[in-house]
Amino acid sequence: MKKAPIILAAVVLSAFSVTGVALVAVTHHLMDGRIAENQRVAMLSKLESIIPDGQYDNAPLEDLIQVSARELLGAQNTRVYRVRKSGEPTAVILDPVVPDGYAGPIQLLVSVLRDGSVGGVRVLFHHETPGLGDKIEERKSDWVLSFDGKSLSNPTPDGWAVKRDGGEFDQFTGATITPRAIVQAVKNTLIYVKQQGDALFEPLEGTTTAAKGAG
């Protein structure tokens, strides 16, 4: 058997392998950057959708702290985006987790304005049943918009429940658990923000800061 053709074939295969791996690595690197940028743009769009027009001129994605208040916010760590206009606080946006959704945890975005009212609520992800629980998505129904302008005094504490439980918020036919859990989660977010007050807007001292009294 001649060794030269075998060696040549091995060299050619090795060259193809190395080239292939290099192309995959370069493509992966380029796509990672594009995916990260797409995620950043999508998140910024979500934030902007629940901030009143003209109420901010900072970069909320960079003006970010993390807090820990699992009892009220549903997760060990919760992000708080601070919204400012000319340096003055105008709102905070939190991403609480609803731990008791019908089909598992639901992650929200809730903006709370300086007067303590809800600027808006959006659903970041969920596993609710299509056609029933997924009506919490803005693109499926306008139910989530019913929180706009609500506060701890409007409605009264008893009103922070679905209508089946004597409250003011609609439930979905065949899917009461999900809206009931979200109503409670939004109310808890308002309670947390009220408890923290101006502490949520303290200047950044690093990449991560715990708000006063959080725990």
If you round to the nearest 0.5 Å, how far is CD of Gln66 from OG1 of Thr78?
-> 8.5 Å
Among residues two or more places apart or on two chains, list those pairs meeting side-chain hydrogen bond (donor to acceptor under 3.5 Å, both in side chains) that have a residue in residues 172-183.
-> Glu128-Thr178, Arg164-Thr176, Asp165-Arg180
Is the shortest side-chain N to carboxylate O distance from Asp198 to Arg114 below 4.0 Å?
-> yes
Output for pair (Leu109 CG, Leu94 CG), nearest 0.5 Å, gives 9.0 Å
Please name all residues satisfying side chain to side chain donor-acceptor pair (under 3.5 Å) with Glu62, sequence neighbours left out, ordered by chain then number.
-> none
Run the numbers on Val144 and Glu137 for side-chain contact (heavy atoms from CB on, under 4.5 Å), then give the verdict.
-> CA-CA 7 Å; Val144 77; Glu137 294 182 35; over 6 Å; no
What closest approach, in Å, do Leu108 and Ala185 show between heavy atoms, and which atom pair accounts for it?
-> CD1-CB, 4.2 Å
Whether Ser151 side chain and Asn154 backbone form a donor-acceptor pair below 3.5 Å = yes
Any side-chain donor near an acceptor of the partner, Gln76 and Ser68, under 3.5 Å | yes
So ring-ring contact (aromatic ring centres under 6.0 Å, His included) across residues 132-181, not counting sequence neighbours, yields Trp143-Phe147, Trp143-Phe172, Phe147-Phe169, Trp160-Phe169
Side chains of Thr156 and Asp158: do they bring a donor and an acceptor to under 3.5 Å?
-> no
Spacing of CG belonging to Leu152 relative to OG belonging to Ser117, to within rounding of 0.5 Å | 10.5 Å
Quick one: which of Arg122, Lys46, Gln107 gives a side chain to side chain donor-acceptor pair (under 3.5 Å) with Asp95?
-> Gln107
For Gly101 and Ile177, work out which heavy atoms get closest and say how close.
-> C-CG2, 4.4 Å
Could you walk me through whether Ile51 and Ile93 pass the side-chain contact (heavy atoms from CB on, under 4.5 Å) check?
-> CA-CA 9 Å; Ile51 303 172; Ile93 303 176; 3.7 Å; yes
Are Asp63 and Tyr81 close enough that some pair of their side-chain heavy atoms sits under 4.5 Å apart?
-> no
CG (Leu190) and CD (Gln195) are apart, to the nearest 0.5 Å, by 11.5 Å
Here the gap from Glu168 atom CD to Ser146 atom OG, rounded to the nearest 0.5 Å, amounts to 10.0 Å
